Each structure stands twice: as C-alpha cells, then as structure tokens.
Amino acid sequence: QSPLVESGGGLVRPGGSLRLSCAASGFSLDYYAIGWFRQAAGKEREGVSCISSSGGRTNYADSVKGRFTIYKDAAKNEFYLEMNNLESEDTGVYYCGAETPEPTPSYGDWWCRAEVFGTWGQGTQVTVSS
C-alpha cells in the first residue's frame with residue numbers, strides 16, 4: 001500500500017500548464033504538512049512548494065513563485081500542484097511528500113526541504129520541451 005501516489009505528469013510545451021495530483025491513502029492529510037519536490041537530472045531533490053496542515057504557512061521556491069500553486073481537496077484526501085507558464089528548467093521528476101508532526105517555526109523560514117519530509121510518492125515525470 002503506497003501512502004502517496006502522484007499522477008498528472010507528462011510532456012508540455014514551454015509556457016504551458018500542468019496540474020499534478022497526489023492521492024493519500026491510510027492517513028488524513030488534515031494533520032500533515034504537505035509538499036511538492038522535484039529532482040532534475042544530476043541534481044538533488046529540491047523543495048518546490050509546501051504548506052502546513054492549517055494553510056497558515058506556505059513556502060515556494062523562488063524559481064516558481066507566481067507560477068505554481070499548492071492546494072488540497074480535503075474531501076478527496078488529495079493535494080495538487082498547479083503549474084503555469086512552465087519553463088524548460090522545470091523539467092524533472094516531481095514527488096509529493098507529507099510529514100507529521102508538522103515542521104515547527106524552529107526549522108526556519110525555509111522548511112520545504114526534502115530532509116524534513118518522511119512520507120513520499122513514487123514520482124511523476126514532467127518534461128517541458130518544444
């Protein structure tokens with residue numbers, strides 16, 4: 001039983017849009033911080049966007065601010081990453097993650113870090129190319 005399963009990746013042209021989905025099974029996202037991460041070829045996994053369970057704290061990587069939005073559907077126990085105006089540098093494998101207890105303020109301003117999250121999906125490929 002996979003606790004998190006991503007879907008929605010694919011090939012998109014620069015400037016296009018894509019929505020990734022993450023379905024959670026066996027636990028409620030109401031009590032978890034959630035996030036999206038990506039790993040480009042030859043690079044480490046990096047945080048893209050994370051949000052606390054209450055929605056009171058959000059993190060967006062500088063490279064995606066104004067273009068990507070993280071949100072969830074509590075009734076479906078799923079969350080999403082809406083990606084707009086995609087660029088070639090957005091290409092990579094995207095992973096969804098969840099963590100409880102939530103990162104506290106002691107983690108600092110930037111807490112959307114892979115090492116903070118312990119529950120992962122299998123990844124979905126996003127390729128931005130003309």
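In what follows, residues are counted from 1 in the order of the sequence shown. As the structure is a computational prediction, the values presented were derived from the model and not from experiment. Because only heavy atoms are used, hydrogens play no part in the values below, and waters and symmetry mates are left out as well, while side chains stay in.
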Considering all heavy atoms, the nearest [X]-[Y] contact:
X	Y	answer
Tyr60	Ser49	CE2-OG, 2.9 Å
Arg57	Trp111	NH1-NE1, 3.4 Å
Ala33	Pro103	CB-CD, 3.7 Å
Arg67	Leu86	NH1-CA, 3.8 Å
Phe37	Cys50	CZ-SG, 3.7 Å

Using the rule that Ile, Leu, Val, Met, Phe, Trp and Tyr join whenever any side-chain heavy atoms are under 4.5 Å apart, tell me whether [X] and [Y] fall into a single cluster.
X	Y	result
Val93	Phe117	yes
Leu81	Ile34	yes
Leu4	Ile51	yes

Thr127 side-chain N/O to Thr91 backbone N/O, donor-acceptor pair under 3.5 Å:
no
Exercise. Is the backbone of Val5 close enough, under 3.5 Å, to the side chain of Gln122 for a donor and an acceptor to pair up by distance?
Worked result: no
For this session: Go through the steps for Leu20 and Met83 under the test side-chain contact (heavy atoms from CB on, under 4.5 Å), then give the verdict.
Result: CA-CA 8 Å; Leu20 305 182; Met83 303 185 292; 3.7 Å; yes
Rounding to 0.5 Å, atoms CG (Asp109) and CG (Asn59) come to a distance of 8.0 Å
Exactly one candidate in Gln39, Arg113, Arg38 meets side-chain contact (heavy atoms from CB on, under 4.5 Å) with Glu46; the answer is Arg38
Just by distance, no angles: are the side chains of Glu82 and Tyr80 close enough, under 3.5 Å, to form a donor-acceptor pair? no
- Parallel under 30°, tilted from 30 to 60°, perpendicular over 60°: which one fits the rings of Tyr95 and Trp120? perpendicular
Determine all donor-acceptor pairs shorter than 3.5 Å in which one atom belongs to a side chain in residues 7-18; sequence neighbours excluded.
| unit_1 | atom_1 | unit_2 | atom_2 | d |
| --- | --- | --- | --- | --- |
| Arg13 | NH1 | Ser130 | O | 2.9 |
| Ser17 | OG | Asn84 | OD1 | 2.9 |

Contacts table for residues 70-77: side-chain donor-acceptor under 3.5 angstrom, sequence neighbours left out:
| unit_1 | atom_1 | unit_2 | atom_2 | d |
| --- | --- | --- | --- | --- |
| Tyr71 | OH | Arg19 | NH1 | 3.3 |
| Lys72 | NZ | Leu29 | O | 3.4 |
| Lys72 | NZ | Ser53 | O | 3.3 |
| Asp73 | OD1 | Ala75 | N | 3.1 |
| Asp73 | OD1 | Lys76 | N | 3.4 |
| Asn77 | OD1 | Leu29 | N | 2.9 |
| Asn77 | ND2 | Ala24 | O | 3.2 |
| Asn77 | ND2 | Phe27 | O | 2.7 |

Check: Are more than 12 heavy atoms from other residues, nucleotides or ligands located less than 6.0 Å from atom CD of Glu89?
Finding: no
Residue set satisfying ring pair (Phe, Tyr, Trp, His ring centres under 6.0 Å) with Phe79, at least two apart, ordered chain then number -> Trp36
